[in-house]
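A note on names: the letters A, B, ... follow the listed sequences, proteins ahead of strands, and every chain is numbered from 1.
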There are 2 protein chains.
Amino acid sequence: MTETPAKDSIRPRRGRRDSRPSGDDRERAILATAERLLGGRALDEISIDDLARGAGISRPTFYFYFASKEAVLLSLIDRVVAEADAGSEGRLEELPADPTAHWRSTIDAFFATFRAHRAVTLAAARAHGTNREVQELWARVMENWIRRATAAITAERTRGAAPEGPPARDLAIALTSMNERVLLATFAADQPSLAEPEAVNTLLHIWLNAIYHPPTPPH
Amino acid sequence: MTETPAKDSIRPRRGRRDSRPSGDDRERAILATAERLLGGRALDEISIDDLARGAGISRPTFYFYFASKEAVLLSLIDRVVAEADAGSEGRLEELPADPTAHWRSTIDAFFATFRAHRAVTLAAARAHGTNREVQELWARVMENWIRRATAAITAERTRGAAPEGPPARDLAIALTSMNERVLLATFAADQPSLAEPEAVNTLLHIWLNAIYHPPTPPH
DNA sequence: GAGCTGGTCAACACAGTGTCGAGACGTTTG
DNA sequence: CAAACGTCTCGACACTGTGTTGACCAGCTC
């Protein structure tokens, strides 16, 4: 086991085993089937046979394209992340003329990114506890948001618009974690959760107060 | 299937099938084994055979005591919740003389509750996505914290110490969600996470500012 | 037309779950 | 005290899902 082909392994592609040509359709069919089925049930309630049949192939053939169900989910997440990154290219980012608008658009973007692929997002969240690779990929995505928020907070502080307070990164981590959890609960329509419009407003209130008010205690 | 015995079903005990006497030790042995093993790996990496052997019984005998692995986890969570409720009986709660101290102690209590059974907490979080019963139980626990926070915020507002702003419950949900996510990341030592001392301080800052500052936007 | 490469699948080995039926052991009760 | 009953135990089975092996076909290349 654990053979090391070492040949043609320029890039460790998540999906197909090695070469390039067609049969690509099959791969896409598997991904499409997975995303479709994830709309209805969790990944562990979907068998590899379901995925294979959905793509019109047999179970062993599935393994020609993906090493496991989890690898399929990883591919799906990759695509979402890539789409999101592409979409956020054109973000303003450098316009703190109206800070409130800036932060609102950041939070909106966070929701928009994951709303476009709600099923994949929820599946990723579920797999987060189980699967190390999903964990790492998700961590990279969050790290991205955290870094942007940290930079923005720091910028506001050096500009004099925001007071000093807890380390910018600590603040960014806590606030982004909040966004993540609230978003997940909202998408899953969990018991104690906020519907989307209120969610964004409430989160925005918390972000603004956390960033723009000094840590002065109440009377 | 789904027979309804209706006899002796006064209380739907989570654990043993029906009667009362000893053999209790076995049940406790299973629970102890489960908590021990959860310290090292996730629930789906633990087989029923592991649980049974750990408790010194055979696999079929396990089913005499619990309907599934998940039922064991549920029992474990029940115990943590019961302990936590018992422990929070003596909480001050009615002393807003020093609001900062009040909120700090609330956040500390949140961490302390789950730190005592870190492994069970993490297992519960992992199972949250998969298992409906865990979901409901966890929701009840969170609802509890949310209700207390909502009441406290409302009290501070009517007392005039806190300004109006987003609905108290919305605020409580978002802030409690933040605590939950940050706590889980901290316990799991996830990638972007806060170590405990900073975590509590940062969370406290966010709570205080969210509650005691009006939603006035920055300049 | 021999040989390579991409693609396919029947059949197998295996791990884990849940159930059934046969008991052992202790306690009422006739 | 023996028969009947409830608790408790487990060997053996059926089933579901995963991952692998080995044979095979089609097309392309020299």
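- Computed from coordinates, the A/F62 CZ to D/dG19 P distance equals 9 Å when rounded to whole Å.
- Counting to the nearest Å, the P atom of C/dT5 and the CZ atom of A/F64 are 13 Å from each other.
- In this structure, A/T61 reaches the C/dC9 phosphate: one of its side-chain N or O atoms is under 4.0 Å from OP1 or OP2.
- In this entry the distance linking CD1 of B/I57 with C1' of D/dC8 reads 10 Å, nearest Å.
- Side chains of A/W207 and A/N179: a donor-acceptor N/O pair is present below 3.5 angstrom, by distance only.
- Checking C/dA11, D/dC8, D/dC10 against the side-chain heavy atoms of A/P60 singles out C/dA11 as nearest.
- Applying the salt bridge (Lys or Arg N to Asp or Glu O under 4.0 Å) rule to pairs touching residues 106-117 of chain A yields A/R115-A/E196, sequence neighbours excluded.
- We find that CD of A/E45 is positioned 15 Å from C1' of D/dT16, with the value rounded to whole Å.
- In this structure, A/F114 and A/W138 have tilted ring planes: the angle between them lies in the 30° to 60° band.
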Residues B/R79, B/E35; criterion salt bridge (Lys or Arg N to Asp or Glu O under 4.0 Å); working and verdict: CA-CA 11 Å; B/R79 295 202 311 184; B/E35 185 152 12; 3.7 Å; yes

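- Residues forming a side-chain hydrogen bond (donor to acceptor under 3.5 Å, both in side chains) with B/R41 (at least two apart in sequence, or on another chain): B/D50.
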Salt bridge (Lys or Arg N to Asp or Glu O under 4.0 Å) between A/R140 and A/E136, intermediate numbers included: CA-CA 6 Å; A/R140 274 217 305 288; A/E136 284 162 13; 5.9 Å; no

Would you tabulate the pairs of protein nitrogen or oxygen atoms and nucleotide nitrogen or oxygen atoms of nucleotides 12-18 of chain C closer than 3.5 angstrom?
{"residue": "C/dT17", "atom": "OP1", "partner": "B/K69", "partner atom": "NZ", "Å": "3.4"}
{"residue": "C/dT17", "atom": "OP2", "partner": "B/I48", "partner atom": "N", "Å": "3.1"}
{"residue": "C/dT17", "atom": "O4", "partner": "B/R59", "partner atom": "NH2", "Å": "3.4"}
{"residue": "C/dG18", "atom": "OP2", "partner": "B/Y63", "partner atom": "OH", "Å": "3.0"}
{"residue": "C/dG18", "atom": "N7", "partner": "B/R59", "partner atom": "NH1", "Å": "2.7"}
{"residue": "C/dG18", "atom": "O6", "partner": "B/R59", "partner atom": "NH2", "Å": "2.5"}

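- The distance from atom CG of A/D25 to atom P of C/dG7 is 10 Å, rounded to the nearest whole Å.
- The CG atom of A/L43 sits 14 Å away from the P atom of D/dG17 (whole-angstrom rounding).
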